[in-house]
Amino acid sequence: MDLLAEGVELSHADLALLAELAKGVTVDRVGRRLDISGRTVRRRLRGICDRIGVATAIEAVAWAARRQLI
């Protein structure tokens, strides 16, 4: 199921990734926790950033937090 915020769809997996980053977990550790590679985490994060219109992971986390998605 996808969540819609301002016309942008983020999956629960996307939000889980952002929530882990918000806790200060490194990209590689997020990958291990989600059972995916660090490279996959980075690729998914880039896709999230592109969809919500931000440039960095920090901005993506802030975007989600402001909307109380994480």
Side-chain angles (χ1 to χ4, degrees):
M1 175 165 243
D2 291 337
L3 295 176
L4 188 62
E6 298 177 11
V8 177
E9 291 185 19
L10 293 179
S11 68
H12 290 289
D14 293 338
L15 295 175
L17 189 151
L18 291 175
E20 289 296 315
L21 292 174
K23 295 176 192 174
V25 178
T26 66
V27 169
D28 290 329
R29 187 163 288 174
V30 169
R32 284 193 297 271
R33 287 183 181 183
L34 299 178
D35 200 30
I36 56 178
S37 72
R39 184 175 180 183
T40 300
V41 172
R42 288 180 188 87
R43 186 170 32 89
R44 285 180 47 193
L45 188 53
R46 180 74 258 145
I48 292 168
C49 289
D50 290 346
R51 276 184 275 151
I52 63 176
V54 299
T56 67
I58 294 170
E59 289 175 310
V61 168
W63 182 93
R66 270 187 253 124
R67 288 156 182 79
Q68 298 180 348
L69 298 174
I70 58 172

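When a residue number appears, it is its place in the shown sequence, counting from 1.
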| task | State which residues pass salt bridge (charged side-chain N to carboxylate O under 4.0 Å, His left out) with Arg39; sequence neighbours excluded, sorted by chain then number. | result | none

| field | Chi angles and distances behind the side chain to side chain contact (heavy atoms under 4.5 Å, CB included) call for Ile52, Glu59 | value | CA-CA 10 Å; Ile52 63 176; Glu59 289 175 310; over 6 Å; no

| request: Identify the two heavy atoms, one from Ala57 and one from Cys49, that lie closest to each other, and give their separation to 0.1 Å. | output: N-SG, 4.1 Å

| Leu21 side chain near Val27 side chain, heavy-atom distance below 4.5 Å | yes

| In Å, rounded to the nearest 0.5 Å, how long is the span from CG of Leu18 to CD1 of Ile48? | 4.5 Å

| Leu69 side chain near Trp63 side chain, heavy-atom distance below 4.5 Å | yes

| task | Could you check Asp28 against Arg32 for salt bridge (charged side-chain N to carboxylate O under 4.0 Å, His left out), going step by step and ending with a plain yes or no? | result | CA-CA 6 Å; Asp28 290 329; Arg32 284 193 297 271; 5.7 Å; no

| message | Please find the pair of heavy atoms, one from Ala22 and one from Ile70, that lie closest to each other, and give the distance. | response | CB-CD1, 3.9 Å

| task | Look at the side chain of Arg42 and the backbone N and O of Ser37, then say whether any donor-acceptor pair between them is shorter than 3.5 Å. | result | no

| query | Out of curiosity, His12 NE2 to Leu17 CG, how far, rounded to the nearest 0.5 Å? | reply | 14.5 Å

| request: Report yes if the side chains of Asp14 and Arg51 come closer than 4.5 Å at any heavy-atom pair, otherwise no. | output: yes

| message | Evaluate Glu20 against Arg33 for salt bridge (charged side-chain N to carboxylate O under 4.0 Å, His left out), listing each step before the verdict. | response | CA-CA 9 Å; Glu20 289 296 315; Arg33 287 183 181 183; 2.6 Å; yes

